[in-house]
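Have a look at the structure below before the remarks.
What you see is a predicted model; the values in this text were computed from it and never measured. Chain naming here is simple, since letters A, B, ... match the order of the sequence lines and numbering starts at 1 in each.
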There are 2 protein chains.
Amino acid sequence: MVSKLNVRQVTHVACRDCSLSQLCLPLALKIEDIDELDRIIKRGRPLKKGEHLFLEGDPFHSVYAVRSGALKTYTATNEGEEQITGFYLPSELVGLSGLDTEAYPVSAQAIETTMVCEIPFDRLEKLSDDYPELRRQLMRVMCRKIREDQQMKLLLSKKNADERIATFLINLASRFRRRGFSSQSFRLSMSRNEMGNYLGLAVETVSRVFTRFQKNSLINANGKEIEITNAMELCALAGGKLVEHQDIVNIQ
Amino acid sequence: MVSKLNVRQVTHVACRDCSLSQLCLPLALKIEDIDELDRIIKRGRPLKKGEHLFLEGDPFHSVYAVRSGALKTYTATNEGEEQITGFYLPSELVGLSGLDTEAYPVSAQAIETTMVCEIPFDRLEKLSDDYPELRRQLMRVMCRKIREDQQMKLLLSKKNADERIATFLINLASRFRRRGFSSQSFRLSMSRNEMGNYLGLAVETVSRVFTRFQKNSLINANGKEIEITNAMELCALAGGKLVEHQDIVNIQ
DNA sequence: CGGGGCGTTGATTTTCATCAAACGTGGTGG
DNA sequence: CCACCACGTTTGATGAAAATCAACGCCCCG
């Protein structure tokens, strides 16, 4: 009920007043230019869990910034099962990879109640003609994505189950932290199944690793509620670095 | 010896006369604008097998287009082994993923004698300020990379050894075809070890799959020389589609 | 001729997927 | 409000695929 209220408020927040502006596209723009971006952004009703933002093959027209909630993107394997290609948290841009094609190469679906800002691409492209910094920001987002995928490929080809889950948790934690939430304890928006699908593991394996981590006091998991109790160790497993206190460094 | 001669010739070919211009960056430009691009491109001496183009962590300043030969890119895992992140054939662009950072996120190394065109990034950026089409071409290259990585992640998380190798071979074949070479028979520029590393398989597994494919008359492998004798079947294994005759469709 | 790297083949081990079953929980309808 | 159902999760038992370990052959090079 509280969230219902928030959702209503949020619908009308302008870019310049949005708490995510320092992480999102407006980052590239001067205060006075943000309004320009603001005018082209459409803010729709919230998506309920399970609703699609777009489907694989839909004509490409917009990219989307997540305002609140969470999305997943996925494609169909040739056997028809789904392969999750990413999870998207607030301030992250979805749909960019369709940018040079006629159609979205993945489907995007809300995994909890989710608000997005829609940015029609033709207008974004025009806008970016005038603002080199916006252009560079777009480039940056795509480059980051490429580097993330690189890390993901490494994970999938070299890491074992424990390391995959550790990496995933640390990565989530650091994304939460960047957004001003606790990196110590948070709520997973995806199911064990989705996690396994994304990480290339069977559900049962995911479950077992969680139990083992809990037994070894690395984490405290209660359903989707996660508390990281030994960030140091978890980072070591993930192959990342930990800097002072409990600050978790983004593994990418 | 013949190749030595070619290499010398090639060094001085202008973009407008380059046989790769229809696949490379000039694709985006009008004939008269190509010379503009041409002026900023540096053409160095050929790299010998094993030589590096740049190292992970080197300050980022240029992207490179492969003229001839082949490159691999790789990062170090935290255990210090290398993880190959890609192979690059003529007309393909290397180094773009470092574009939003100060340093290259991967090392790039020649896996056979290789010629590259160096494109200093600051000058490319200036040039792309004036040519929206060049900009879009850069975007396209990055988007394609993201989609390729997506396919690669799918391969790594869902496909078994046979399917991985089949996909790899079909993908190579189609890249050769696009460049005007035979997609039926070609020479692998990478070792079994590098292939396994890239595909997330042990060398021994790669070797065994090759033997099995040969036994089943899918391919004819003699060291690095590969002949695809049953493209249909191989494509089926890879999960791709085959269109008429022996034309192999890029799996991407 | 010798040596080293690369590739192949066989034997064994490990890890994780799969199969099967039970449990908890949240949502729905009676 | 409770009972029941469906779904997500957990746990155990078994099996399969690929990694690892080990040994050998083959070139290619010096």
ask   = Does Leu20(A) offer a backbone N or O that forms a donor-acceptor pair with the side chain of Ser91(A) under 3.5 Å?
value = no
note = Rounded to whole Å, the CG-P distance (Leu188(A) to dG8(D)) equals 15 Å
ask   = Quick one: is Thr211(B) getting a side-chain N or O under 4.0 Å of the dT9(C) phosphate, OP1 or OP2?
value = yes
inquiry  = Using salt bridge (Lys or Arg N to Asp or Glu O under 4.0 Å), reason through Glu51(B) and Arg45(B) one step at a time and then give a plain yes or no.
reply    = CA-CA 12 Å; Glu51(B) 276 189 277; Arg45(B) 62 178 176 73; 3.2 Å; yes
query = So with a 6.0 Å cut-off around NZ of Lys49(A), is the heavy-atom count from everything else above 12?
reply = no
message = Tell me the interatomic distance from Glu163(A), atom CD, to dC16(C), atom P, rounded to whole angstroms.
response = 9 Å
query = Between dT8(C) atom C1' and Asn193(B) atom CG, what is the distance in whole Å?
reply = 13 Å
query = Between atom CZ in Phe210(B) and atom P in dC6(C), what is the gap in whole Å?
reply = 16 Å
task = Would you indicate what Ala161(A) reaches in the nucleic acid, counting non-hydrogen atoms under 4.0 angstrom: base, sugar-phosphate, or nothing?
result = sugar-phosphate
task = Give Lys158(A) one of three labels, base, sugar-phosphate or nothing, depending on what nucleic acid heavy atoms sit under 4.0 Å from its own.
result = nothing
ask   = Out of dT20(D), dA17(C), dT9(D), which has the shortest distance to the side chain of Arg192(A)?
value = dT9(D)
key: Shortest side-chain distance from Leu201(B), nucleotide among dT18(C), dA19(D), dT11(D)   = dA19(D)
ask   = Where the side chain of Asn160(A) is concerned, which of dC16(C), dT20(D), dT18(C) is the nearest nucleotide?
value = dC16(C)
query = In whole Å, what is the span from the CG atom of Leu156(A) to the C1' atom of dC16(C)?
reply = 14 Å
task = Describe, in one word, how the ring planes of Phe176(B) and Phe181(B) are oriented to each other, choosing from parallel (under 30°), tilted (30 to 60°) and perpendicular (over 60°).
result = perpendicular
ask   = Tell me: CD1 of Ile165(B) to P of dA18(D), nearest whole Å?
value = 10 Å
query = Just to confirm, is there a sub-4.0 Å distance from OP1 or OP2 of dC6(C) to any side-chain nitrogen or oxygen of Lys224(B)?
reply = no
Asn222(B) CG to dC26(D) C1', straight-line distance once rounded to whole Å = 12 Å
inquiry  = By the 4.0 Å heavy-atom rule, please label Gly196(A) as base, sugar-phosphate, or nothing.
reply    = nothing
ask   = Counting only side-chain N and O atoms of Thr205(A), is one of them less than 4.0 Å from OP1 or OP2 of dC16(C)?
value = no
ask   = Nearest to the side chain of Glu204(B), which nucleotide is it out of dT20(D), dG7(C), dA19(D)?
value = dT20(D)
inquiry  = Under 4.0 Å, counting only non-hydrogen atoms across every strand here, what does Ser207(B) touch: a base, just sugar-phosphate, or nothing?
reply    = base
key: Integer-rounded Å distance: dA19(D) P and Arg164(B) CZ   = 8 Å
query = Once the angle between the rings of Tyr64(B) and Tyr104(B) is folded into 0 to 90°, is it parallel (under 30°), tilted (30 to 60°) or perpendicular (over 60°)?
reply = tilted
inquiry  = Is it the case that the base of dT20(D) and the side chain of Arg208(B) share a donor-acceptor contact (distance under 3.5 Å, atom types as modelled)?
reply    = yes
ask   = Counting only N and O atoms by type, is there a donor-acceptor contact under 3.5 Å from the side chain of Arg192(B) to the main-chain atoms of Gly223(B)?
value = yes
key: Nearest-nucleotide pick for Val203(B), side chain only, options being dT20(D), dT11(D), dT8(C)   = dT8(C)
